[in-house]
Amino acid sequence: MILSTSDKIEGREIVQTIGIVRGNAARARGLGYDITAGFRNIFGGAVPEYSKLMTETRDEATAMMIQAAEAAEADAIVTVRYTTSMIATGVSEILAFGTAVKLR
């Protein structure tokens, strides 16, 4: 599956727009993450535990979006975007979405 943040795929022609596809994933922080992050907050620095958690969540949302496009028999997803929201205390959601298309 070809993914693009632009509205075209270089060297290919979009011959059919199938429609919007999306995937969303939500993850909760764990106590271990919060304790480690608390120490980093005191002393400063990056919080790789949270970065890893968000990367895994984004990858899951992307995979779900790709599954939706494959089910629609798309060749690519253009105008791919991500959005993040907090849906409860300590729970974040990532939504991946784009337009599924057929290519020539």
Side-chain angles (χ1 to χ4, degrees):
M1 181 66 55
I2 300 170
L3 302 179
S4 175
T5 57
S6 73
D7 61 353
K8 61 185 175 183
I9 305 293
E10 194 66 38
R12 303 288 297 269
E13 179 186 359
I14 294 174
V15 294
Q16 180 185 359
T17 299
I18 296 171
I20 295 172
V21 289
R22 65 171 175 74
N24 63 307
R27 295 276 173 98
R29 302 185 315 236
L31 182 58
Y33 285 111
D34 288 342
I35 291 171
T36 303
F39 284 120
R40 293 195 197 283
N41 193 30
I42 292 169
F43 300 109
V47 186
E49 297 81 12
Y50 287 150
S51 295
K52 181 177 183 248
L53 182 67
M54 293 307 289
T55 296
E56 290 170 354
T57 308
R58 185 179 57 251
D59 290 347
E60 183 180 342
T62 302
M64 293 174 76
M65 177 182 63
I66 291 170
Q67 286 175 346
E70 288 173 341
E73 300 182 0
D75 298 318
I77 306 170
V78 295
T79 63
V80 172
R81 303 287 185 265
Y82 294 91
T83 185
T84 304
S85 64
M86 190 166 96
I87 58 176
T89 302
V91 180
S92 294
E93 175 197 41
I94 292 184
L95 172 66
F97 60 97
T99 303
V101 297
K102 289 285 233 182
L103 301 173
R104 179 178 331 205

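For clarity, every value in this text was computed on a predicted model and none was experimentally measured. Numbering starts at 1 and runs along the sequence shown.
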Exercise. Can you check whether Ala96's main-chain N or O pairs, donor with acceptor, with Arg22's side chain at less than 3.5 Å?
Worked result: no

- Query: Does some side-chain heavy atom of Ile9 sit less than 4.5 Å from a side-chain heavy atom of Asp75?
  - Reply: no

Of all heavy-atom pairs linking Thr17 and Ile14, the shortest is OG1-CG2, 4.5 Å

Leu95 vs Phe97, side-chain contact (heavy atoms from CB on, under 4.5 Å): CA-CA, chis, key distance, verdict:
CA-CA 6 Å; Leu95 172 66; Phe97 60 97; 4.0 Å; yes

**Request:** Determine whether more than 12 heavy atoms belonging to other residues, nucleotides or ligands lie under 6.0 Å from atom CD1 of Ile2.
**Result:** yes

**Side chain to side chain, Arg81 and Thr5, heavy atoms closer than 4.5 Å** = yes

Given 3.5 Å as the limit, does a donor-acceptor pair link the side chain of Ser85 with the main chain of Ile87, or not?
no

Between Leu103 and Ala76 the two heavy atoms that sit nearest each other are CD1-CB, 3.8 Å

task: Using atom types as modelled and distance alone, determine if a side-chain donor or acceptor of Arg27 lies under 3.5 Å from a backbone N or O of Glu93.
output: no

Note: Ala28 and Val91 closest approach over all heavy atoms is CB-CG2, 3.9 Å

OG1 (Thr55) and CD1 (Ile94) are apart, to the nearest 0.5 Å, by 8.0 Å

Closest non-hydrogen atoms of Lys102 and Ala74, given as atom of the first, atom of the second and distance, are CD-CA, 4.4 Å

Only one of Thr79, Ile18, Asp7 passes side-chain contact (heavy atoms from CB on, under 4.5 Å) with Thr99, and that residue is Thr79

Rounding to 0.5 Å, atoms CE (Met65) and CG (Asn24) come to a distance of 11.5 Å

Do Val78 and Met1 share a hydrophobic cluster (ILVMFWY, side-chain heavy atoms under 4.5 Å, transitive)? no

Quiz item: Same cluster for Ile77 and Ile20 if Ile/Leu/Val/Met/Phe/Trp/Tyr side chains link at under 4.5 Å?
Solution: no

What one should report as the nearest heavy-atom pair of Gly23 and Met64 is CA-CB, 3.8 Å

